[in-house]
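Here the structure comes first, spelled out in structure tokens, and everything after it is commentary.
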Amino acid sequence: MEPVRPEFVPDPSLSQAEMEALQREIAEAARFENDMEFSPAAIASVGDAPDDDQTTLSPSTDDQADAPLVAGVDQAFVDDKAVSAIVVLQNGEVIERVSAVKVTEIPYIPGLLSFREGGAILSAFAELDHEPDVVLVDGSGRIHFREAGLATHIGVTMDVPAVGVAKSLLCGTPEQSLEETYPDGVRIPIAADDSVETCPDGTGIGHAVQTRQYDSPNRYINPLIVSPGHRVSAATAADLVEATADGYKLPEPTRLADSYADEAKGSVE
DNA sequence: GCGACAG
DNA sequence: ATCTTGTCGC
């Protein structure tokens with residue numbers, strides 16, 4: 001799978017000002033509304049295993065063979081090399097895994113993550129045989145200073161529906177404090193504020209999503225920070241993460257890509 | 001100058 | 001992201 005918009009491929013040799021200018025172009029090309037090859041209504045079953053016990057009736061026109069392909073993307077690092085892994089699932093089962101290694105050209109700079117990790121990710125996409133219906137990327141999407149986080153950059157460049165799944169908030173203001181402990185299933189809207197320079201304050205740019213929480217005592221799990229990358233709305237992005245989460249904090253595609261990236265680290269010299 | 005910041 | 005032991009809880 002190759003970039004549909006080669007002009008947006010992240011170039012680590014650009015100046016910081018040029019990187020930021022490119023991000024503004026990417027944000028304009030990004031669509032933060034649903035435009036996928038499957039019905040958002042079908043996401044309810046995306047992460048579920050095949051319905052063996054027939055507790056529900058499935059339309060013959062929308063069976064397992066047509067089920068959407070959901071991919072997870074994650075990176076691991078070894079010295080100056082980035083290892084990117086992509087895992088593709090259908091009906092909750094892995095149908096493809098690929099990885100790629102690339103030397104990192106620049107350090108981690110908040111807001112410019114895609115220029116550090118994007119190259120390795122696109123190399124991994126080049127190895128991919130299946131075209132995912134939606135991709136879950138580790139990091140922010142629209143929740144970004146210029147609405148062009150890693151998930152947006154990858155989504156727009158490949159022109160594939162993408163969702164940003166981060167473990168902490170880069171910018172924006174949550175509707176309610178994220179310091180509280182919320183039960184699983186809770187979704188807290190995040191609005192643009194002064195730090196988001198490309199859209200009006202108050203614009204909904206994502207959600208904090210509690211995919212898991214401890215029942216009883218004094219320990220708690222932080223929510224995930226979910227935002228649209230490309231061709232997905234904020235609400236659908238959160239729906240997709242909830243639908244693919246399966247007992248763990250991270251959605252299954254992301255969790256599997258994470259461990260595969262770690263595993264692939266072993267074969268890096 | 002101070003604060004703040006995905007992975 | 002990565003470096004790492006123990007510890008709490010189901």
Side-chain angles (χ1 to χ4, degrees), chain A residues 10 12 16 19-20 23 26-27 30 72-86 99 101-122 124 135-155 162-174 178-179 181 183-184 190 192-198 205-209 212-230 234 237 241 247-251 254-255 257-266 268:
Chain A
Q16 185 154 328
M19 291 181 180
E20 294 177 1
Q23 290 183 326
I26 288 166
V73 185
D74 192 31
Q75 286 68 243
F77 298 82
V78 189
D79 299 323
D80 64 337
K81 298 181 189 65
V83 182
S84 181
I86 302 178
S99 67
V101 181
K102 212 148 191 279
V103 171
T104 54
E105 306 289 350
I106 61 173
Y108 164 66
I109 301 170
L112 299 177
L113 184 64
S114 60
F115 293 90
R116 171 175 167 80
E117 307 188 351
I121 295 174
L122 295 183
V135 178
L136 272 36
V137 181
D138 68 305
S140 274
R142 192 181 188 183
I143 295 179
H144 178 272
F145 310 127
R146 290 164 293 280
E147 297 178 274
L150 182 60
T152 304
H153 203 137
I154 297 303
V163 172
V165 181
K167 298 178 198 65
S168 59
L169 189 63
L170 173 62
C171 61
T173 303
L178 298 187
E179 300 310 296
T181 301
D184 95 51
I190 293 168
D193 55 25
D194 294 330
S195 67
V196 183
E197 42 199 43
T198 52
I205 53 177
H207 295 88
V209 179
R212 186 187 172 185
Q213 189 53 275
Y214 294 128
D215 307 299
S216 41
N218 40 349
R219 201 166 44 152
Y220 66 97
I221 296 174
N222 296 123
L224 287 175
I225 307 299
V226 181
S227 60
H230 183 46
V241 168
Y248 295 89
K249 171 174 176 172
L250 292 175
T254 302
R255 208 172 66 80
D258 183 271
S259 59
Y260 186 46
D262 264 329
E263 181 184 326
K265 256 197 325 189
V268 172

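Just so we're on the same page: letters track the sequence lines, and every chain starts at 1. What you see is a predicted model; the values in this text were computed from it and never measured.
Judged by distance alone, the side chain of A:His144 and the main-chain N or O of A:Gly111 form a donor-acceptor pair under 3.5 Å. Within the 3.5 Å criterion, the main-chain N or O of A:Asp80 finds a donor-acceptor partner in the side chain of A:Thr104.
Stacking is found between A:Tyr108 and the pyrimidine-like six-membered ring of the B:dG7 base under the 5.5 Å centre-distance and 30° plane-angle cut-offs.
Checked against A:Gln75 for a side chain to side chain contact (heavy atoms under 4.5 Å, CB included), the options A:Val83, A:Asp258, A:Asp138 give a single hit: A:Asp138.
Phosphate contact (OP1/OP2 of B:dG7, side-chain N/O of A:Ser140, threshold under 4.0 Å): absent. The side chain of A:Lys265 places no N or O atom within less than 4.0 Å of a non-bridging phosphate oxygen (OP1 or OP2) of C:dA1. Contact check, A:Tyr214 against C:dC10: no side-chain N or O comes under 4.0 Å of OP1 or OP2.
For A:Asp194 and B:dG3, the CG to C1' distance is 14 Å, given to the nearest whole Å. Put simply, CG on A:Asp80 is 14 Å from P on C:dT2, counting in whole angstrom units. One interatomic measurement links the two molecules: CG of A:Leu250 to P of B:dG7, which rounds to 10 Å at whole-angstrom precision. The CG-C1' distance, from A:Asp258 to C:dA1, rounds to 10 Å in whole Å. Following rounding to the nearest Å, A:Ile221 (CD1) and C:dC8 (P) show an atom-to-atom distance of 18 Å. Separating the CG atom of A:Asp193 from the P atom of B:dC5 is a distance of 12 Å, rounded to the nearest angstrom. Remark: P of C:dC3 and CZ of A:Phe77 are 12 Å apart, rounded to the nearest angstrom.
Residue A:Leu224 is out of contact with every strand shown, counting any heavy-atom pair closer than 4.0 Å.
With B:dA6, C:dT2, B:dG7 as the candidates, the nucleotide lying closest to the side chain of A:Ala76 is C:dT2. Listed nucleotides: B:dA6, C:dG9, B:dG7. Nearest to the side chain of A:Arg219: C:dG9.
In this view, A:Lys167 satisfies the side chain to side chain donor-acceptor pair (under 3.5 Å) rule with no residue, not counting sequence neighbours.
In this structure, A:Leu224 CG and A:His207 NE2 are separated by 13.5 Å, a value rounded to the nearest 0.5 Å.
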